[in-house]
Amino acid sequence: MNSPPDAFFLEDRAETKGVDWKLLRRLLRYVVPHRGILAGALAALACGTACQLAGPYIIKIIIDRHITPGVLPGMGRWILLYLAALAGAMGFLYLQMYAVSVLGQRVILSIRREMFSRMERLPVSCFDRTPTGRLMTRLTSDVEALQELISSGLVSTIGDAAVLAGTAAILLGMHLRLALVVFSVLPVLLLFVELLKKHIREANREARRKLARLNAFLQEHVTGVSVVKAFVQEGKSERRFDRLSEEYTAENVRLTNFYSLYFPGVEMFASVAVALLLWRGGVALIAGAVTFGTLVAFLEYAQKFYNPIKDMSDKYNILQSALASSERIFLVLDAEVSPEYPEPPPGGQRMRVERAAARKPASAAIEFRDVWFSYPRAEGGSADRPAEGSPVLRGVSFALEEGRTGAIVGATGAGKTTVLSLLCRFYEIRRGQILLFGTDIREIPRRELRGMLSLVLQDPFLFSGTVLENVTAGGPAVGPALAAAGVDRFAAEWDAGLSTPVGERGGMLSMGQRQMVSFARALAREPKVLLLDEATSSVDPVTEARIREALPGILSGRTALVVAHRLSTVLSADRIFVMHRGKVRESGTHAELMAEAGIYRRLHSLQFGEPPRG
Amino acid sequence: MYALCALGLVISSVLGLLVPWMTRDAINAVSAAREGSASGPGRLLRAVELLALFAVLHALFRYFSRRSLLVAAREVEREMRRQLFSHVIRLPMPFFHATPTGDVMSRMTNDLGAVWLLLGPGLLTLAGTSITWVLAIAFMLRISPMLTGMSLLVAPLVVLLSREYGRAFHRQHRKVQESLASMNATLQENVSGIRLVKAFTLEEREEERFAVDCREYYRRNLDVARTSAAFHGAIGFLAGVGVAFVLYVGGRSVVSGTLSLGGFVAFNAYLAMLAFPTMAMGWVINLFQRGNAAMGRINEFLRLPVESSESGGRAAREAGVPAPACAAGRAVPRGEGAPPYLLEVRGLSFSHEGGGRGETLRDVRFTVRKGEVLGLVGTTGGGKSTLFSLLLGFYPTPPGTILWDGRDAAEIPLPVLRRRVALVPQDPFLFSDSVLENICFGRETPDPAAARDAATLARFLDEVEELPRGFSTVVGERGISLSGGQKQRATIARAVCAGSDFLLLDDALSAVDAETEREIFEGILSAKGERTVLFSTHRMASLSRCDRILVLDAGRIVEEGTHDELLSARGTYYDLYSRQMLARELEDSS
């Protein structure tokens with residue numbers, strides 16, 4: 001049942017196929033937990049429809065018993081009854097509409113939450129490959145489309161169906177032959193609807209496609225406007241835009257044509273039915289076979305009968321696009337989660353780690369043994385077996401003792417950041433072994449593993465919320481963490497202090513402040529191992545000073561692995577690992593490596609030192 | 001056109017209203033027949049025939065009037081869309097930096113949609129409803145003035161209720177949209193920050209946060225549902241009260257003989273016909289309000305001044321302000337009889353509006369002669385890209401600071417200015433279109449032969465031919481995605497194909513390997529003396545073939561000279577160069 005994680009960013013499928021019952025059944029499974037509400041809604045629907053359909057019948061009685069014979073006393077009672085039926089119908093209508101909405105919204109709520117949970121557990125590689133926009137579309141627009149089906153489509157469709165069935169039953173019960181007269185135009189009408197429905201659906205789909213193209217063109221030309229301007233192609237772009245716009249308009253005109261035909265057409269058939277009814281009913285009335293009241297009631301019921309047919313085509317469209325959306329939603333729900341989920345049963349595994357740590361106190365905190373890795377490639381390869389890119393790590397081996405700080409240095413693209421990602425088990429390695437305190441990380445439960453590690457990314461990403469909330473997200477040791485990273489000092493200057501909101505992605509804070517908050521977040525975890533990816537881009541002098549001031553305190557006495565770009569960080573490390581082309585080529589202290597006159601020395605003079613002169 | 005539509009609407013309304021009238025005749029004929037009138041059955045048949053005829057004609061007229069009005073509205077929409085697009089792409093660059101793409105998109109899609117709803121369905125419903133109202137009341141008055149007066153007592157209530165509902169719905173719907181936005185923000189945050197979520201095992205916390213958003217959204221949606229359900233119930237009840245009223249009073253009138261049975265039935269039918277248009281009025285009022293607001297937002301854009309294509313680039317900004325005398329278009333003499341420089345930049349200082357972010361230029365001055373190859377190096381953020389943007393007139397510059405052939409750039413119409421050069425931007429932006437269209441983007445019509453030549457020069461031809469459909473292959477969003485190096489070469493081909501002999505390359509070969517870069521340069525410079533090139537790069541090795549090199553640091557030109565001159569000067573250029581040589585050495589040492 002599980003589909004490969006990539007499947008959900010496949011292109012949208014065509015919505016040409018009919019109703020897929022398997023999909024519908026799967027959707028229905030979400031309704032089951034709310035069957036009480038469903039039962040209530042159906043009960044309200046039944047009562048409401050009954051009340052609604054009683055109206056014309058009461059009119060019939062009023063005409064036959066009071067108006068035609070000219071008996072006024074007692075008529076008021078029936079009028080009151082009519083009003084009561086009406087009030088009942090509307091009351092039940094309210095209940096039914098509301099209950100169906102509650103039902104639908106609850107279903108959507110659970111689908112949405114399920115999707116979110118699933119998304120959180122997808123492998124990181126899914127996020128590398130899928131454009132954010134497309135992923136967001138799955139999670140938002142598709143669920144919205146399904147909600148549309150439920151909130152507007154389902155509510156009225158159920159109501160319409162009940163009215164149709166009820167009216168047909170009453171008509172047949174009141175007078176069989178006249179009922180057949182009312183239904184006589186039905187075959188032609190249904191044929192007419194069926195014929196147009198196909199065209200309308202097609203034109204609708206085509207119009208939507210044309211609109212999507214138009215909007216894509218628009219978006220592209222807004223983002224790429226500098227290219228348009230640089231090549232002075234405003235005129236050409238405009239003409240091409242207008243051509244797309246014309247195509248879209250043409251499709252809409254076609255659609256308008258069908259709709260303009262559709263509504264008056266259905267109404268015409270209904271009127272013809274009324275004409276036939278008047279004729280046959282009139283003749284029967286003259287012959288005394290039916291009463292005036294029956295004829296009038298029939299006229300009313302005929303109206304009620306033909307009204308719902310008008311919207312049939314629209315309803316069908318909504319159903320179609322909602323099913324297409326739910327198909328894509330289910331693709332996400334079926335996507336395979338990252339191998340570290342779900343959790344292995346707690347207890348046993350955890351003990352093993354502790355035991356392992358206790359058993360081998362002298363073993364290294366972090367050890368890479370001949371680790372090979374390549375990122376899954378975005379293109380190429382079949383969906384179920386993504387083609388592998390060229391290896392980023394080619395047999396990386398190194399070890400870092402507990403309580404020490406290790407600095408990874410190397411040129412861009414040497415695989416430094418990858419080492420940190422692999423340690424967090426964001427990706428699965430191809431070959432080799434990564435050990436944390438002597439245990440293979442694949443044997444450590446996710447929660448346990450990530451609880452031991454604390455990561456500071458190059459880009460200090462903050463969640464919207466307050467400063468305090470962001471630090472608390474890291475772990476329980478908030479106080480010491482705030483002090484160590486110096487967050488408390490600058491936060492004290494704000495009116496709201498630590499409760500100051502950081503804004504979307506931390507946008508309300510300066511770069512330096514964001515960096516400090518992300519340090520504090522990492523420290524609040526009291527991690528056994530701190531993983532730090534220093535920002536490559538040059539930061540402003542204030543930030544630079546702040547970081548330089550804070551780092552020694554943060555790193556001292558802690559097991560830390562740092563992807564270092566700053567000379568001061570490298571110098572303060574206990575051990576330096578020099579990565580070059582996917583391998584650790586040299587390791588040692590600064591003095592040792594400088595003496596070696598290898599890659600490090602050249603790298604050092606390139607990145608930190610004065611370039612050699614002469 | 002609109003007059004014809006209106007006429008069609010009137011005719012179709014009259015025909016529609018005649019249908020219940022014929023019902024009246026039919027029932028009255030039956031009544032007469034029951035009372036022994038011999039002409040009864042004949043009258044019944046005639047009424048029924050007329051009814052069917054009116055119904056068919058009504059449908060026909062309705063079809064034509066609806067269609068013509070809605071199609072006309074679509075045409076108006078298209079014209080507006082065209083105008084808006086051509087206006088927007090002619091707005092100056094700072095506009096695009098200040099306005100999020102989403103905002104531009106929303107005005108061109110949602111707001112335009114709202115305007116179409118006003119002009120099409122809105123106008124149609126308004127006209128149709130008004131006509132039906134007037135005519136239906138006329139018919140009803142003919143049947144019974146007293147009944148008409150009484151039954152319409154509820155009408156104002158219905159309109160009022162619909163309007164109130166429209167407002168409440170709009171208000172609540174906005175709240176739904178707000179909570180949807182907040183929910184989507186959480187979602188977006190989790191997609192972008194997924195590594196942190198996982199690293200800090202925040203999955204459960206984020207799920208809880210998302211659930212809070214979801215529940216809020218759920219509640220807001222139910223608010224809308226409740227309002228909507230209540231409205232439908234109330235409106236149905238109000239309409240029913242009118243019917244009950246007519247039943248009672250009308251019934252008495254029939255009994256007392258002041259109203260025929262047919263008239264009674266027809267009256268009820270007219271009342272039913274009015275129910276929907278009355279409700280629709282609330283909707284229409286809402287539509288007009290929203291359409292109006294949307295039109296206002298669209299006009300905000302349309303009122304912004306566009307880049308002028310007639311006079312100089314700065315004309316829009318400095319309308320009425322005379323250009324300082326220093327430059328105003330005179331050729332600046334440089335020695336006896338010497339032709340002016342192809343390009344002269346003198347004392348150009350610039351910083352982006354709003355200050356703070358972005359690169360700034362300080363007192364930049366240099367000259368370019370025809371046929372020269374000029375290199376531009378410098379640190380990231382040193383101002384290279386800004387300089388290129390200014391040469392293209394993307395931002396207003398002080399008059400007299402940029403001169404083309406001795407003529408102030410401010411005097412040159414922007415299209416002319418931009419056609420003088422061909423830019424290869426740092427970000428290799430391609431349109432989601434065929435390779436051919438992309439390479440020939442700078443031409444009016446695609447020219448396969450020219451595209452081939454340009455692709456050859458950009459060392460892109462072999463790869464294009466390997467693509468599934470060659471030059472017709474669609475790239476980008478809707479097609480296959482090219483690698484960074486391929487995109488860069490495509491943009492170079494595009495610039496070459498545009499036909500200008502002054503190329504501006506803004507770090508345009510960063511993703512191309514050194515050997516290919518060398519080949520591309522060979523190609524560009526093969527007709528040396530004809531093409532003028534100004535290029536910035538991070539790869540110092542390519543600079544050795546430059547006639548001159550400019551070193552830009554923190555917005556200033558700090559050094560200028562040939563490669564050898566600059567190396568022996570032992571300044572910034574030397575530093576940059578030796579670092580890079582070291583890095584290359586390191587690269588090779590595996």
Among the options [options], pick out the one with the most heavy-atom pairs lying under 4.5 Å from chain B.
options                                : answer
A:Tyr98, A:Phe269, A:Tyr248, A:Trp78   : A:Tyr98
A:Val296, A:Val227, A:Asn215, A:Val272 : A:Val227
A:Ser454, A:Ala230, A:Gly282, A:Ser271 : A:Ala230
A:Leu83, A:Ile286, A:Leu295, A:Val266  : A:Ile286
A:Asp242, A:Leu455, A:Val253           : A:Asp242
A:Leu453, A:Ile62, A:Thr223            : A:Thr223

Requested in this report: Show your working on side chain to side chain contact (heavy atoms under 4.5 Å, CB included) between A:Asn257 and B:Tyr63 and close with a plain yes or no.
Outcome: CA-CA 8 Å; A:Asn257 192 22; B:Tyr63 165 70; 2.4 Å; yes
Identify which part of [X] has an atom lying under 4.5 Å from any heavy atom of chain A, answering side chain, backbone, both or neither.
X        : value
B:Ser389 : neither
B:Leu180 : side chain
B:Ser31  : both
B:Phe264 : side chain
B:Leu247 : both
B:Val241 : both
B:Thr109 : side chain
B:Arg209 : side chain
B:Leu261 : side chain
B:Tyr217 : side chain
B:Val56  : both
B:His58  : side chain
B:Ala199 : both

Interface moiety of [X] toward chain B, non-hydrogen atoms closer than 4.5 Å:
X        : value
A:Thr256 : side chain
A:Val283 : both
A:Arg112 : both
A:Val222 : both
A:Leu214 : side chain
A:Ser518 : neither
A:Tyr94  : both
A:Gln219 : both
A:Leu299 : side chain
A:Phe263 : both
A:Leu277 : neither

Report task. With a 4.5 Å cut-off on heavy-atom pairs, point out which of B:His232, B:Arg66, B:Arg82, B:Glu203 contacts chain A the most. Result ->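 Max contact count across the listed options: B:Glu203.
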Requested in this report: List the steps, then state whether side chain to side chain contact (heavy atoms under 4.5 Å, CB included) holds for A:Tyr259 with B:Leu70.
Outcome: CA-CA 10 Å; A:Tyr259 272 126; B:Leu70 292 178; over 6 Å; no
For the atom pair [atom1] ([X]) and [atom2] ([Y]), what is the distance rounded to the nearest 0.5 Å?
X        : Y        : atom1 : atom2 : value
A:Arg521 : B:Leu196 : CZ    : CG    : 4.5 Å
B:Ile89  : A:Glu234 : CD1   : CD    : 5.5 Å
A:His221 : B:Ser432 : NE2   : OG    : 10.5 Å
B:Arg205 : A:Thr472 : CZ    : OG1   : 8.0 Å
B:Asn190 : A:Glu120 : CG    : CD    : 4.0 Å
A:Ser421 : B:Lys198 : OG    : NZ    : 12.0 Å

Query raised in the report: Is there a donor-acceptor contact under 3.5 Å linking the side chains of A:Thr249 and B:Arg78?
Result: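 B:Arg78 and A:Thr249 do not have a side-chain donor-acceptor pair below 3.5 Å.
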**Report entry** More than 12 heavy atoms from other groups under 6.0 Å of CZ on B:Phe231
**Finding:** yes
Requested in this report: Please state whether the rings of B:Phe85 and A:Phe217 are parallel, tilted or perpendicular, taking 30° and 60° as the class boundaries.
Outcome: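 The arrangement is tilted - the two ring planes meet at 30° to 60°.
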Requested in this report: Could you check whether the rings of A:Phe231 and B:Phe441 sit parallel, tilted or perpendicular, using 30° and 60° as the cut-offs?
Outcome: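 The rings of A:Phe231 and B:Phe441 stand perpendicular, inter-plane angle above 60°.
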Query raised in the report: side chain to side chain contact (heavy atoms under 4.5 Å, CB included) between A:Glu238 and B:Arg90: does it pass, once the steps are laid out?
Result: CA-CA 10 Å; A:Glu238 194 179 296; B:Arg90 285 181 173 79; 2.5 Å; yes
Query raised in the report: Would B:Glu204 and A:Arg121 pass as an ion pair if we require N to O under 4.0 Å?
Result: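 The answer is yes: the pair qualifies as a salt bridge.
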**Report entry** A:Arg240/B:Asp433 under side chain to side chain contact (heavy atoms under 4.5 Å, CB included): CA gap, chis, key distance, verdict
**Finding:** CA-CA 12 Å; A:Arg240 300 191 62 182; B:Asp433 207 330; 2.6 Å; yes
